[in-house]
Protein chains: 2
Amino acid sequence: MYTAGRTAELTGVPRETLRKWEQRYGVVQPTRSEGNYRLYDDEAVRRLAAMRDLVDSGWSPRDAARHVLDEPATATVAGLEAPGGSPHEELDELAAAGEDFDVVRVEDLLDKAFAEADLATTVDEWLLPSLVRLGEAWQRGAVSVAGEHFVSAAVVRRISHAFQQLPHAPAGAPRVMVGLVRGSRHELGVLAFALVMRSRGMDVAYLGADLPVEAWVDTARTLQPAAVVLSAPTVEDLPAVREAAQAIAPHAPVFLGGAQQHRVDGAEPLGHRIGEAAAELAARLGDGG
Amino acid sequence: MYTAGRTAELTGVPRETLRKWEQRYGVVQPTRSEGNYRLYDDEAVRRLAAMRDLVDSGWSPRDAARHVLDEPATATVAGLEAPGGSPHEELDELAAAGEDFDVVRVEDLLDKAFAEADLATTVDEWLLPSLVRLGEAWQRGAVSVAGEHFVSAAVVRRISHAFQQLPHAPAGAPRVMVGLVRGSRHELGVLAFALVMRSRGMDVAYLGADLPVEAWVDTARTLQPAAVVLSAPTVEDLPAVREAAQAIAPHAPVFLGGAQQHRVDGAEPLGHRIGEAAAELAARLGDGG
DNA sequence: CAACGGTGGACAAACTGTGGACAAGCCCAA
DNA sequence: TTGGGCTTGTCCACAGTTTGTCCACCGTTG
């Protein structure tokens, strides 16, 4: 349950507007605390965010509200849409190897994939889809928590390995800061992004997960990077990401990945194809603008 | 059991606030000493730390309390380390390179270190002491949060890289499960441990951080490993580690690393020299005992 | 005795609710 | 084009709520 202020942060809709939307259209009916404070649940946040998206894209608030109310309540699943209805019967190779805890097979699969010529394509076409299918398999109980952890750990190791093997950026290469804000821990995406960036000759400073805003600002001021790349994987990350983006903006251009990337002002969204986005950004910076 | 002042230290929450959180939300119900002093146990400390993390990241205290009470499973965020106490005046090479965000220098230092003949010695004599000094430098403000993150990320990458480069274990090699329990996130130590174990020919299944107890038990039952290695880095981790150790024990021998390793019954402490401990355990398992 | 802890109350600062005001934008008839 | 009416986001004043910190007074510990 979230208070009014927090809900405003999460959805990007001002408190007052939130109240008006409730009074005028009844998009949400928050319960009340003892002290008569509004308490919004996850479903309310989802609806408000959906309505905000519609309004932003030109719908009239009244229509947007009607549309949101007509939609059945959806259980949000980490920002990922359910696949087009085809229940994958056979397990992904990677997931199967993970469920057997077969170190050799998992690492062989990853080795083979990373031997491909184009890193960006490998990441977008094979690695990330495989991980999405792994997540789906885990959700429907086809893969255990431990199996999922086992594969994820192997993937992170493999990306780190690839990152390490790449030659260092030449002197004078554009510098890019990559990492996650405080509270955020989904390293896989940013790590893959950092990998592709380095493969394109960028000077990547990878700062890891859970870094406070002040640290981002101080470092950006010191390093004067050509770009700062963050990720907004979940709604919960939004307040911290917004705060960071705003604070960093005066010192360096901010780019954003992750499912919630379009919900942050002042940061340029990079899209959802990590490898492609990294390659593009690298080309742009390498060309001097 | 901890007194009010000690608990305030451990959790970073002032004594008075601790009391208010107890009175207002009932997050904890410390037992009392003869003289009516509050006595907090490990679980209380864990909850308070979890609540503090939520509040720090923007939750209202009331919501945070409800969350902590609803879901004792909630993962905690940053841990608290006890400082060593010896103030090294000159900065460590690694720390200095980290403060300048000098990718090349940090990776060169790590490369050189890992080129040493004996991996276990490198880990114990250079890597971990360097990281301890880095932590000290950070605590006395000589290194920024970002600098510390930067170096840590590079170290994790380098260990992953080394792990990846090692040949796979031969068929029939003793299998060892390595990882962290639910709520625990200090991967560095267990990762280094896994690295040395693999270098000694063990079949290491690295399961990563934040794995729930049930997953450990199920997996141990399936894999029948020769050993399960966990870590208890902070006080906050103790309850979960104790639970896991007790649950896994019937299926496989449990070994323990980390600062709090001696405070868990039913798990054999491995000592604080990670590389040495891993080499020893490997020798022991390899000899069939 | 000094340091520490418990209790209850006080308090300021931040947050929230309510109802209404209001300006800007839009639609539509004149 | 003009003007009235409607919609919609924002702002405001006033009152109530929540929350971290401070304090005085007294008991406990070593």
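Residue numbers start from 1 in every chain, and the chains themselves are labelled A, B, ... in the order their sequence lines are given, proteins ahead of strands. Worth knowing before you read on, the calculation uses all heavy atoms, side chains too, and leaves out hydrogens, waters and symmetry mates.
B:Asp42 and B:Tyr2 share a donor-acceptor pair across their side chains, judged by distance under 3.5 Å alone.
Proximity of B:Val264 to B:Leu238: side-chain heavy atoms (C-beta onward) are separated by under 4.5 Å at one or more points. Annotation: side chain of B:Leu256 is not in contact with side chain of B:Ser231 (no heavy-atom distance under 4.5 Å). Counting heavy atoms from C-beta on, the side chains of B:Met1 and B:Tyr40 never come closer than 4.5 Å.
The interatomic distance linking A:Glu34 (CD) with C:dG17 (P) rounds to 15 Å, in whole Å. As a whole-Å value, the separation of A:Asn36 CG from C:dG17 P is 8 Å. The interatomic distance linking B:Arg62 (CZ) with C:dC15 (C1') rounds to 13 Å, in whole Å. Whole-Å rounding puts the B:Met1 CE to C:dG5 C1' distance at 16 Å. The separation between A:Tyr2 atom OH and C:dT16 atom P is 15 Å, rounded to whole Å. Atom CD of B:Gln23 is separated from atom P of C:dG6 by 11 Å (rounded to the nearest Å).
B:Glu22 has a carboxylate O that lies under 4.0 Å from a charged side-chain N of B:Arg38, or vice versa, which qualifies the two as a salt bridge. The existence of a salt bridge linking A:Glu268 and A:Arg284 is confirmed by a sub-4.0 Å separation between a basic side-chain nitrogen and an acidic carboxylate oxygen.
When every heavy atom of A:Tyr206 is checked against every heavy atom of A:Ala194, the shortest pair comes out as CD1-CB, 4.1 Å. Of all heavy-atom pairs spanning A:Arg32 and A:Leu39, the tightest one is C-CD1, 4.1 Å.
Note on B:Thr3: every side-chain N or O is 4.0 Å or more away from OP1 and OP2 of C:dC4.
Think of the region where chain A sits on DNA chain D: with heavy atoms and a 4.0 Å cut, that region ends 5' and 3' at D:dT7 to D:dT18.
For the pair A:Met51 and B:Glu16, nearest-nucleotide mapping onto DNA chain D gives the more 5' position to A:Met51. Summary of the strand contacts: A:Tyr37 and B:Gly35 both lie near DNA chain C, and taking for each the nucleotide with the nearest heavy atom, the more 5' one is attributed to B:Gly35. Residue-to-nucleotide proximity on DNA chain D shows that, of A:Pro61 and A:Ser33, the 5′-proximal contact is made by A:Pro61.
End-to-end axis angle for the helix from C:dC1-D:dG30 to C:dA30-D:dT1, using five pairs per end and rounding to 10°, comes out at 30°.
Backbone-only contact: A:Arg32 has heavy atoms under 4.0 Å from sugar-phosphate atoms and none from a base. Residue contacts for B:Arg19: at a heavy-atom cut-off of 4.0 Å it reaches a base atom on one of the strands shown. Using a 4.0 Å heavy-atom distance criterion, A:Arg24 is classed as a base contact.
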(request) List the steps and the verdict of salt bridge (charged side-chain N to carboxylate O under 4.0 Å, His left out) for B:Arg19 and B:Glu16. (result) CA-CA 5 Å; B:Arg19 189 143 37 80; B:Glu16 281 101 340; 5.2 Å; no
